[in-house]
Every structure is written in C-alpha cells, then in structure tokens.
Amino acid sequence: PALCSFVKRLLTSLGKGGDAVEVRTLDSFALRNLSLLKIDVEGFEQQVLKGAAATIARERPAIAVEIEGGLDLDTAPRQRQRRGWATLAMLDALGYVVRRVGVHDYLALPRRGGLALAYRRVLPARAKPFLSEAGRWRANGVETTGRPGALLFGPYSYLPPGSYLVHWRGRVDKAGALTFDVVSHKGKRSYAKRLLRAKPGEEGRLFTLAFTLEQEVADVELRVVVSSEVRLRIQSAELCKLSEARLVAGKPRGGPGGA
C-alpha cells in the first residue's frame, strides 16, 4: 500500500510545476563535424528542423527521426498523418531522401544526384499490409495458384498530393497476362494502370508504375491482378515519392538512376 501510494503521488505530479529552462536552436551551438542527428521530440520535429536548418545545410548529417512521438503513417488520425507528411516534406526541402525503417522511425540521408526522390518505403508482400484473393502466402512473398484475380491488393494508405513511383519486385516462372494499377475508393478512382504479358525468367524489378495525386487520398490501393496462366511470385512493392523541391515542369531533375 505504501508503495502504491508513492507511485500514485509520483504519477499525479508528472507534468506539473517544474523549472524554467533555456531553449536554444541547434544552429546557436555552431556545431562542426556533425555526422548524425537524432531527433526524438514528441511532435516538435518541425521546430527542431527549422532551428537546425543552417547546421544541416553545412554539415549534411544523417538524420534519424521519430515522427509525431510514435506516429504510424498508415493508421494514425488524419491530422497527425498530415503533420507527419509535413515533416517529411521539410526534410525533402532540406535536400534529403527519407526511408521508413520502423513503424514510426525514419532515416533521412542527403540526396546525391540521380532521380529526385523524397521518400522511399519498401512494402513486403505479406498478409499485412496486403491482402490476396488469388494467391498463396510464402515466407518471401505471395505466389500465384492458377486462379485468376487479385494476387495482391492494399494497403489502403493515406498519401498527400504529389508524384509517386511504385517498383514491383518478384520472379516470373511462366508467361501470362497481368495488370498493375493504383486505385482508391474501392477501385472507383484509378490513377495509373498497365496491362502487360510477363516473360518467364524475369526476376528482380518486374515493373515500375508512375502516378500523380492532385489531392490527398485516404485509401490508396496498389494492386496486381493475374490471369490463370501466369506463374509468378511478388516479393515487395517499393513506394517512392518524388521530391517536390526538385520537380521542374512535372519532371524530376537528374537522370534515371536512384537517389
């Protein structure tokens, strides 16, 4: 009972009182030889980045950041999703490509030529975040079963306006027709679609689909639809957002290589 009473008093006192402390920007420290910047500030990421803009521009450190105090961009409330994407846009404007490396952890690295990407995320072909009606789940992806239909669909993600690429990776064992597309609103709105005939022996990056969202969309769905004759395995989809900071007349600066 005494311990419980102590813990109760401790918990009820959290966030109350305290002492005034000095708040300074990172730029005010004039840091040099900075190779890594770790940001974990429970929703104040944009303020930290604003106060570190000169340091970041001069030192170009890798930036490890937890966004919105543990935000999952796929499932968070809409307002927090918008703030999370606004933080990603700020990193883009600072010249960084951001990779999602955990549920709510991101690694930003300086952009170095090539295709002007702002954000990259690899989505493994698994039961989460995807679904399948014509496939069979394997340890390293989903494979066809001879049934026609949607081999893969999902993950119904929120995405802000912008230009995107989806790279599908896998292996083709038998030729056949298949369709890659990007839709929302249960397929009622289509943003890109490509029908093709897969060739046996193809492996690695099977196809890249480009699409543009003119406004935010709450339930973006990436789909692979197969015919009965094709035999293939899809391993992952890599979703990339093109850099708004480096887009010119709708086309990215730089060559066709990666960032």
Side-chain angles (χ1 to χ4, degrees), residues 72-76 78 81 99-100 103 115 117 119-242 250 252 256 258:
D72 183 344
L73 279 176
D74 294 330
T75 60
R78 184 64 43 78
Q81 287 178 325
R99 283 180 178 270
R100 182 170 172 173
V103 174
L115 191 62
L117 299 182
Y119 171 73
R120 306 174 80 166
R121 182 189 176 192
V122 175
L123 299 162
R126 297 174 183 160
K128 288 185 179 181
F130 288 104
L131 300 170
S132 178
E133 66 178 21
R136 177 169 48 232
W137 298 109
R138 293 302 190 204
N140 60 343
V142 60
E143 64 182 17
T144 54
T145 60
R147 294 172 52 200
L151 177 65
L152 212 61
F153 58 100
Y156 304 101
S157 296
Y158 167 88
L159 291 178
S163 298
Y164 296 84
L165 299 174
V166 182
H167 303 302
W168 291 100
R169 301 186 68 87
R171 187 187 74 237
V172 180
D173 294 320
K174 183 181 177 182
L178 65 156
T179 301
F180 297 94
D181 66 357
V182 180
V183 300
S184 69
H185 296 78
K186 298 182 178 179
K188 295 179 181 178
R189 295 184 185 178
S190 177
Y191 306 97
K193 184 176 183 179
R194 178 70 182 274
L195 286 72
L196 56 86
R197 188 168 184 82
K199 299 177 181 179
E202 290 182 312
E203 190 169 3
R205 185 177 291 182
L206 300 179
F207 188 70
T208 296
L209 195 62
F211 66 99
T212 298
L213 301 179
E214 300 296 337
Q215 58 188 16
E216 65 179 15
V217 179
D219 59 339
V220 173
E221 185 180 354
L222 314 176
R223 303 192 302 188
V224 181
V225 181
V226 298
S227 58
S228 58
E229 72 269 22
V230 70
R231 295 291 182 272
L232 83 156
R233 176 175 295 186
I234 296 293
Q235 296 170 333
S236 66
E238 182 180 20
L239 177 65
C240 303
K241 188 177 189 296
L242 298 186

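Residue numbers count from 1 along this sequence. Note that these values count all heavy atoms, side chains included, but never hydrogens, waters or copies made by symmetry.
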Below 4.0 angstrom, N of the basic side chain to O of the carboxylate: do E238 and R120 qualify? yes
With heavy-atom distances below 4.5 Å as the criterion, would you say the side chains of L209 and R194 are in contact? yes
For A177, does its backbone N or O pair with a side-chain atom of S227 as donor and acceptor, under 3.5 Å? yes
Side-chain touch L159/E216, heavy atoms, less than 4.5 angstrom: no
Is there a side-chain contact between P200 and K174 in this structure, where contact means two heavy atoms from C-beta onward sitting under 4.5 Å apart? no
Sub-3.5 Å donor-acceptor pair from the side chain of T145 to the main-chain atoms of A134, do we have one? yes
Closest non-hydrogen atoms of P124 and P129, given as atom of the first, atom of the second and distance, are O-CD, 3.8 Å
Should L152 and L222 be marked as a side chain to side chain contact (heavy atoms under 4.5 Å, CB included) after you check the CA-CA gap, both sets of side-chain angles, and the distance that decides it? CA-CA 8 Å; L152 212 61; L222 314 176; over 6 Å; no
N/O donor-acceptor pair under 3.5 Å between E133 side chain and A150 backbone: yes
Is any NZ, NE, NH1 or NH2 atom of the basic residue among E229 and R197 found under 4.0 Å from an Asp or Glu carboxylate oxygen of the other? yes
From F130 CZ over to R223 CZ, what is the distance, rounded to the nearest 0.5 angstrom? 12.5 Å
Pick out which of F207, F180, F153 makes a side-chain contact (heavy atoms from CB on, under 4.5 Å) with V224. F180
Would you please say whether a donor-acceptor pair under 3.5 Å links the side chains of Y191 and S184? yes
Determine yes or no for a side-chain-to-main-chain donor-acceptor pair under 3.5 angstrom, with S132 supplying the side chain and L151 the backbone. yes
Measure the spacing between OG of S236 and CZ of R121 and express it to the nearest 0.5 Å. 12.0 Å
Please assess V172 against E203 for the test side chain to side chain contact (heavy atoms under 4.5 Å, CB included), listing each intermediate value before the final yes or no. CA-CA 6 Å; V172 180; E203 190 169 3; over 6 Å; no
Looking at every non-hydrogen atom in both residues, tell me the closest pair between D219 and H185 and how far apart they are. OD2-N, 2.9 Å
Could you pull out the closest heavy-atom pair between W137 and L131, with the gap in Å? CZ2-C, 3.9 Å
Would you indicate whether the side-chain heavy atoms of L232 and D173 approach each other to under 4.5 Å? no
I would like to know whether V166 and Y164 meet side chain to side chain contact (heavy atoms under 4.5 Å, CB included); could you show each step before the answer? CA-CA 7 Å; V166 182; Y164 296 84; 5.7 Å; no
So how far is it from C240 SG to H167 NE2, rounded to the nearest 0.5 Å? 4.0 Å
Closest non-hydrogen contact found for G176 with V230 is CA-CB, 3.6 Å
Atom pair CD1 (I234) and OG1 (T144), whose distance is rounded to the nearest 0.5 Å: 9.5 Å
Could you check L117 against K241 for side chain to side chain contact (heavy atoms under 4.5 Å, CB included), going step by step and ending with a plain yes or no? CA-CA 6 Å; L117 299 182; K241 188 177 189 296; over 6 Å; no
Under a 4.0 Å N-O cut-off, is there an ion pair linking R233 with E143? yes
Any donor-acceptor pair under 3.5 Å linking the side chain of R126 with the backbone of L123? no
Taking every non-hydrogen atom, the tightest pair across K186 and E221: CA-OE1, 4.5 Å
Tell me, do L165 and T208 make a side-chain contact under 4.5 Å, heavy atoms counted? yes
